[in-house]
Amino acid sequence: MGWAQKEFALSPKRRGFHLVTSEVVGHLPEISSIRKGVLHLFIKHTSASLTVNENADPTVRGDMERHFNQAVPENAPYYEHDTEGSDDIPAHIKASILGSSVTVPISDGQLNLGTWQGIYLCEHRNSGGAREVVATIFGD
Amino acid sequence: MGWAQKEFALSPKRRGFHLVTSEVVGHLPEISSIRKGVLHLFIKHTSASLTVNENADPTVRGDMERHFNQAVPENAPYYEHDTEGSDDIPAHIKASILGSSVTVPISDGQLNLGTWQGIYLCEHRNSGGAREVVATIFGD
Amino acid sequence: MGWAQKEFALSPKRRGFHLVTSEVVGHLPEISSIRKGVLHLFIKHTSASLTVNENADPTVRGDMERHFNQAVPENAPYYEHDTEGSDDIPAHIKASILGSSVTVPISDGQLNLGTWQGIYLCEHRNSGGAREVVATIFGD
């Protein structure tokens, strides 16, 4: 069985939802040696998140950003955590709604995503900077 | 250690939340040979999702559908992705809130779910059709 | 390769979001023998959930509780599942939004969390009691 674990940074992105499948796979040539297994990708931050969604139309990513900004507003009257900027506590809440990791099957040396699926980095801060992720690959 | 990976379709479901534990397990006799491990189940679509929730009272599934329709409405004024029907972009958003995979422990040859837990297929489209999933089982 | 699976209870918590990293790790000395791998932690209940979020400022946990109470209200007019108390169906919905499991990388014998990350038990019931979890550790 093959096991690999690697930590790397995703390049800084502006606030919003970003397709990062190619960037992730570019860091992980180890995927090509796995016949059947999974990739677990974990983000080491609490104000950005990872999800799987539509890979073709950029308006989907825009609508995701607009929706979550409306559903988890800045400056809600019930927030107490407000010392790090008005984008901070909404970022934490969005991160838990969307999740800090994705697990994707690997089949025959490739991520086994659906035709229209890609991995998103969801950057919830105005200036989040580079984001560290840990990739763990296991399979045979 | 045992490893298995299998791709299969879940039968078409109407829009809503559906208990599919039996349907999933029926495709995976391999579970019975795992003493301790996990099942990772991944849906290869971006307008349907998988979650774990209550397995007994159908009103829970109905309330989930009604809640998510209210929280992620059709035709929100801020949507730009509107060419595939008014149920499409809400389906993508719901899919990321609920998630495209579930990972469930396997113990002594069975899914180790709580007494009241089951696996749900969450069908967010009006006519989603059959849904492809990839099951990866690992353990010993 | 090392495999371990263990079931244990997290002590009863009041309704809200609680940092449980130390409590979880205290049950799992097996983590220290894993060089690279993952911990999968699964909660066997449908009215409590697990997530990863900020580990330092308790107002984050308070804001999470206040936000989800607002986003998933009690006594919404569209709920039909109302026989187990007004906190019950919101608890189920929150559990699926936040998720019933977390998967965290293990590196060099420790959970490889970011500096500001911790594991949360999200208790959505007013009196949820002790919560059973299944921990599965795999790696080498």
Side-chain angles (χ1 to χ4, degrees), chain A residues 1-7 9 30 37-51 67-68 70-84 86 88-104 124 131-140, chain C residues 1-3 17 19 34-41 49-72 93-108 110-122 137-140:
Chain A
M1 196 191 53
W3 275 81
Q5 192 174 67
K6 192 181 272 189
E7 207 161 325
E30 295 84 353
V38 299
L39 163 65
H40 175 249
L41 194 65
F42 180 85
I43 192 163
K44 296 180 73 173
H45 304 268
T46 61
S47 56
S49 55
L50 298 168
T51 193
H67 175 76
F68 284 100
Q70 184 269 349
V72 189
E74 300 197 5
N75 302 308
Y78 49 83
Y79 294 153
E80 294 184 1
H81 180 81
D82 55 8
T83 55
E84 296 175 60
S86 63
D88 186 61
I89 186 67
H92 291 308
I93 296 170
K94 291 169 184 172
S96 274
I97 294 172
L98 288 156
S100 55
S101 70
V102 289
T103 305
V104 176
H124 305 306
R131 297 298 197 171
E132 287 290 320
V133 295
V134 185
T136 308
I137 293 169
F138 31 105
D140 62 12
Chain C
M1 197 192 53
W3 276 82
F17 289 68
L19 196 54
I34 302 290
R35 199 165 48 89
K36 49 184 181 183
V38 298
L39 163 65
H40 175 249
L41 195 65
S49 55
L50 297 169
T51 193
V52 170
N53 217 299
E54 210 258 3
N55 63 9
D57 184 345
T59 65
V60 173
R61 273 103 76 194
D63 285 356
M64 299 273 281
E65 174 66 8
R66 286 181 285 275
H67 175 77
F68 284 100
N69 287 341
Q70 185 270 347
V72 188
I93 296 170
K94 292 169 182 172
S96 274
I97 294 172
L98 289 155
S100 55
S101 69
V102 289
T103 306
V104 175
I106 300 171
S107 304
D108 299 324
Q110 297 197 300
L111 294 184
N112 191 351
L113 292 160
T115 309
W116 304 106
Q117 286 182 311
I119 299 172
Y120 283 18
L121 170 69
C122 318
I137 293 169
F138 34 104
D140 63 10

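Proteins come first, then strands; the chains are lettered A, B, ... in the order of their sequence lines, and each starts at number 1.
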Visitor: So for I97(A), is it side chain, backbone, both, or neither that comes closer than 4.5 Å to the heavy atoms of chain C?
Guide: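 When you check distances to chain C, atoms from both the backbone and side chain of I97(A) fall under 4.5 Å.
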Visitor: For S107(C), is it the side chain, the backbone, both or neither that has a heavy atom under 4.5 Å from a heavy atom of chain A?
Guide: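 The answer is both parts of S107(C).
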Visitor: Tell me, do Y79(A) and H67(C) make a side-chain contact under 4.5 Å, heavy atoms counted?
Guide: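 Y79(A) reaches H67(C) side chain to side chain.
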Visitor: Checking E80(A) side chain against P58(C) main chain: does a donor-acceptor pair fall under 3.5 Å?
Guide: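 Checking the backbone N and O of P58(C) against the side chain of E80(A), no donor-acceptor pair under 3.5 Å is found.
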Visitor: Looking at chain A, which one of N53(C), T51(C), T59(C), I106(C) has the largest number of heavy-atom pairs inside 4.5 Å, strictly under?
Guide: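 The option with the most such pairs is N53(C).
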Visitor: Hey, could you give me the CZ/CD1 distance between R66(C) and I93(A), rounded to the nearest 0.5 Å?
Guide: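 Between R66(C) CZ and I93(A) CD1, I get 9.5 Å after rounding to 0.5 Å.
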Visitor: Contact part of I43(A) toward chain C, heavy-atom cut-off under 4.5 Å: side chain, backbone, both or neither?
Guide: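 The answer is the backbone of I43(A).
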Visitor: So what's closer than 4.5 Å to chain C heavy atoms on Q5(A): side chain, backbone, both or neither?
Guide: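 Both backbone and side chain.
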Visitor: Take atom CD of Q110(C) as the centre, draw a 6.0 Å sphere, and report whether it contains more than 12 heavy atoms from other residues, nucleotides or ligands.
Guide: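 No - once you tally the heavy atoms of other residues, nucleotides and ligands closer than 6.0 Å, there are 12 at most.
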Visitor: Could you walk me through whether E7(A) and N112(C) pass the side-chain hydrogen bond (donor to acceptor under 3.5 Å, both in side chains) test, one step at a time?
Guide: CA-CA 10 Å; E7(A) 207 161 325; N112(C) 191 351; 3.1 Å; yes
Visitor: Considering residues at least two apart in sequence or located in another chain, which fulfil the ring pair (Phe, Tyr, Trp, His ring centres under 6.0 Å) criterion with F68(C)?
Guide: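 Checked F68(C) against ring pair (Phe, Tyr, Trp, His ring centres under 6.0 Å); matches are F17(C).
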Visitor: Please give me the minimum heavy-atom distance between A4(A) and K36(C), naming the atom from each residue.
Guide: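 Result for this residue pair: CA-NZ, 4.3 Å.
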Visitor: Can you tell which part of V102(C) gets under 4.5 Å to a heavy atom of chain A, answering side chain, backbone, both or neither?
Guide: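 No part of it gets close to chain A.
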Visitor: Rounded to the nearest 0.5 Å, what separates atom CG in D82(A) from atom CG in D63(C)?
Guide: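 So the CG of D82(A) and the CG of D63(C) are separated by 8.0 Å.
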Visitor: For the interface with chain A, which of G114(C), P105(C), G99(C), A71(C) has the highest count of heavy-atom pairs at distances below 4.5 Å?
Guide: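 It is P105(C).
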Visitor: For the residue pair S96(A) and V52(C), what are the closest heavy atoms and their distance?
Guide: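 Closest pair (atom of S96(A), atom of V52(C), distance): OG-O, 3.5 Å.
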Visitor: Taking it one step at a time, do T103(C) and F42(A) satisfy side-chain contact (heavy atoms from CB on, under 4.5 Å)?
Guide: CA-CA 8 Å; T103(C) 306; F42(A) 180 85; over 6 Å; no
Visitor: Please identify each residue that fulfils ring pair (Phe, Tyr, Trp, His ring centres under 6.0 Å) with H81(A), with sequence neighbours left out.
Guide: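 Per chain and number, H81(A) pairs via ring pair (Phe, Tyr, Trp, His ring centres under 6.0 Å) with H92(A).
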